[in-house]
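Heavy-atom basis, side chains included; hydrogens, waters and symmetry copies ignored. The sequence lines fix the lettering, A, B, ..., with proteins before strands; numbering per chain opens at 1.
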Amino acid sequence: MARHLITSAIPYINGIKHLGNLVGSQLPADLYARYLRARGHEVLFLCATDEHGTPAELAAAKAGKPVDAYCAEMHAVQAEIAQGFSLSFDHFGRSSSAQNRVLTQAFAARLADQGLIREVTEKQMYSVADGRFLPDRYIEGTCPNCGFDSARGDQCDNCTKQLDPVDLINPRSTVSGSTELELRETKHLYLRQSEMKGALAEWIEGKQDWPILTTSIAKKWLNDGDGLQDRGITRDLSWGVPVQFEGAPWAGMDGKVFYVWFDAPIEYIACAQEWAAATGGDWERWWRTDKGAEDVTYTQFMGKDNVPFHTLSFPATILGSNEPWKLVDYIKSFNYLNYDGGQFSTSRGRGVFMDQALSLLPADYWRWWLLSHAPESSDAEFTWENFQQSTNKDLADVLGNLVSRVTKFCNAKFGAVVPDGGAWGAAEEALIAEVEGRLVAYSTHMEAMEVRKAAIELRSIWVAGNEYLQASAPWTVVKTDPAQAAAQIRLALNLIRVYAVISQPFIPTAAASMMTGMRTDDWTWPDDVRSALTALPVGHAFDVPEVLFAKITDAEREAWQVQFAGVRD
RNA sequence: GGCAAGGUAGCUCAGUUGGUUAGAGCACACGACUCAUAAUCGUGGGGUCGGGGGUUCGAGUCCCCCCCUCGCCA
């Protein structure tokens, strides 16, 4: 039994996430956590909402609410949706927690103590009417390059040229529309990542088993241009972790907060503290290598856009502190999921969002499709046709129908109890051998976090059950040799329990209802397939279950295609 | 423009250090079965492995050039 710390990239508080976000971090992390727990390992699976920064402030203002109230509300919404998707977080925290504030300030002070913070005075756009500094992208004006009148301060959406806000003609605040803008001097703290370049490069070089996607992005940032750059870790905002605090080793930082990308990863640790506060658990066992975490395996899941922060920025914070914090062991990263020929887009409301998905179908449909099509080797694409075909075939026809045909046949011929009589022969031995072999492959893929390959193998195990039934034909055998048919169906009934156990990481709700139908609570992993297939003994009663997965009809699919063709309100 | 990752059957994807007739699922066709959610099982057709050169006895797999998609950076 090993100990596994698992974190999923923490979703931003602003709005409900789409399916692309889900499959890139939370869902595969949940799959892995569920699998490891099922194998008897000790798991701490953490996630949280990322709550600080300008977008949250503006969203709150738009909603007419104080930002802290807005965040509390949205956190509750996201937590409920996560539960709807059966995401098995041990704790779903908040980056705005008291724990994270204390920890973030402590890390900053420690980094300063280690000589890794420098102060930089720079000029930024200040909006007098808004009473605040504005990030570049919240300033709009006419592009000096192409004349486009809604170019953003960081880049022109029309000609794609990178811009500086001072280049814009007739610049205005997108917050208020005010043109009363001026350049003001402001002081910020920079994390001297360039000092850490050697240590980070050496660390990354040692990770030969990481996904190419992870290491290639990390190396690019390490070596591109002038190499890893120092990064500003403070902002002129009010919503965030205050830079000014008792014991702060720098002066004149009033009214500033830490940059959201500095405090967000630290929430991984703070979240464990929140978990400990809520449950009485010991967070240091998971995060302090001097207090028991040296034998923890730490795995992070994220989309490729988050890779630089997890391979470089956060490790720079951890390593730079020169304190015994647990460093990540494996970073599983994902490409993007596209939606019907284009990108999912939160800002433009394009695609299917998590709450909408749950209103259409049970979570297991989405979990199965998303995981079995996870964008591991390249970007992947969601289309309604593919979704309908895949889920109908895999879940309804292959797995669901297997449960139906076995339980209904048994009920008709022998009653709703595991029947007695007969014995296993060559066909049964062959099935056991196949399931044993495939289960090893399945486990290997799960442990390697090869999500698609694991899904393919699991499906093959389901198919093996249908192949066995088809070849054995108990519906024919029962006419001449009822005892033999009983042995066959006894095996098939036990197969349902085994399938529930091994499928649970992918489709937890359906797995639970399979177990309920079989009237068992024995979730023991089938390390020994042969004995696992006798777990339900002769005479054990079961219920003939309802249809496990209803099929998606063409009419439904067509309606959804239309419904989601446009933009979310 | 620079860099990275992709471009393999209609669709979604596997293809170890180059080695026999390039694989799987879906879709399609045919057959079997009729217990089951018109489900299942079997068989088959279908690919000049983005394009062009090159290395090699032999390349999807190595080298060079070009094209396309996507991402990061400038």
Using the [atom1] atom in both, what is the distance from [N] to [M], to the nearest Å?
{"N": "B/rG44", "M": "B/rG23", "atom1": "P", "result": "12 Å"}
{"N": "B/rA22", "M": "B/rC30", "atom1": "P", "result": "27 Å"}
{"N": "B/rA9", "M": "B/rC35", "atom1": "C1'", "result": "35 Å"}
{"N": "B/rA27", "M": "B/rC13", "atom1": "C1'", "result": "15 Å"}
{"N": "B/rU56", "M": "B/rU40", "atom1": "C1'", "result": "49 Å"}
{"N": "B/rU16", "M": "B/rG60", "atom1": "P", "result": "13 Å"}
{"N": "B/rG15", "M": "B/rG19", "atom1": "C1'", "result": "14 Å"}
{"N": "B/rU37", "M": "B/rU61", "atom1": "C1'", "result": "44 Å"}

Is the phosphate of [N], meaning OP1 or OP2, less than 4.0 Å from a side-chain N or O of [X]?
{"X": "A/Arg405", "N": "B/rU34", "value": "no"}
{"X": "A/Ser377", "N": "B/rA14", "value": "yes"}
{"X": "A/Lys408", "N": "B/rU37", "value": "yes"}
{"X": "A/Lys393", "N": "B/rU40", "value": "yes"}
{"X": "A/Lys219", "N": "B/rA5", "value": "no"}

For [Y], is there an ion pair with [X] - N to carboxylate O distance below 4.0 angstrom?
{"X": "A/Glu376", "Y": "A/Lys332", "value": "yes"}
{"X": "A/Asp230", "Y": "A/Arg192", "value": "no"}
{"X": "A/Arg530", "Y": "A/Glu429", "value": "yes"}
{"X": "A/Lys453", "Y": "A/Glu457", "value": "no"}

Side chain of [X] only, heavy atoms from C-beta on: which candidate in [options] is closest?
{"X": "A/Lys551", "options": "B/rU37, B/rG71, B/rA14", "value": "B/rU37"}
{"X": "A/Val547", "options": "B/rC13, B/rG71, B/rU37", "value": "B/rU37"}
{"X": "A/Glu467", "options": "B/rC35, B/rC72, B/rG42", "value": "B/rG42"}
{"X": "A/Asp397", "options": "B/rA39, B/rC70, B/rC73", "value": "B/rA39"}

TODO: Please name the pair of heavy atoms, one in A/Asn466 and one in A/Val398, separated by the smallest distance, quoted to 0.1 Å.
DONE: ND2-O, 3.1 Å
Open item on the list: Looking at every heavy atom in both A/Tyr35 and A/Ser443, which two are closest together, and how far apart are they?
Closed with: OH-CB, 3.3 Å
Nearest-Å distance, [atom1] ([X]) to [atom2] ([N])?
{"X": "A/Gln389", "N": "B/rU37", "atom1": "CD", "atom2": "P", "answer": "22 Å"}
{"X": "A/Asn386", "N": "B/rC26", "atom1": "CG", "atom2": "P", "answer": "13 Å"}
{"X": "A/Asp394", "N": "B/rU40", "atom1": "CG", "atom2": "P", "answer": "10 Å"}

At under 4.0 Å between heavy atoms, what does [X] touch on the DNA or RNA strands: base, sugar-phosphate, or nothing?
{"X": "A/Val463", "result": "sugar-phosphate"}
{"X": "A/Ser216", "result": "sugar-phosphate"}
{"X": "A/Ile456", "result": "nothing"}
{"X": "A/Lys413", "result": "nothing"}

- [ ] Identify whether a stacking contact exists between A/Trp475 and B/rC35, where the ring centres must be under 5.5 Å apart and the planes under 30° apart.
- [x] yes
Open item on the list: If you assign each of A/Ser378 and A/Glu381 to its closest nucleotide in RNA chain B, which residue comes earlier from the 5' end?
Closed with: A/Ser378
TODO: With RNA chain B as reference, determine whether A/Asn335 or A/Ala380 sits nearer its 5' end, using the nearest nucleotide of each.
DONE: A/Asn335
Task: Student check: side-chain heavy atoms of A/Ile456 and A/Ser372 closer than 4.5 Å - done: no
Task: Donor/acceptor link under 3.5 angstrom from A/Asn401 side chain onto base of B/rA36 - done: yes
TODO: Begin with the C-alpha distance, continue with both residues' side-chain angles, and end with the deciding distance and a verdict on ring-ring contact (aromatic ring centres under 6.0 Å, His included) for A/Trp261 and A/Phe314.
DONE: CA-CA 9 Å; A/Trp261 263 113; A/Phe314 187 44; 9.7 Å; no
- [ ] Measure from the ring center of A/Trp203 to the ring center of A/Trp210 and say whether it is less than 6.0 Å.
- [x] yes
- [ ] Identify all stems in which RNA chain B takes part, counting only runs of at least 3 consecutive pairs (Watson-Crick or G-U wobble, each distance under 3.5 Å), and give each as one range with another, ordered by first number.
- [x] B:1-3 with B:71-73, B:5-7 with B:67-69, B:10-13 with B:23-26, B:28-32 with B:40-44, B:50-54 with B:62-66
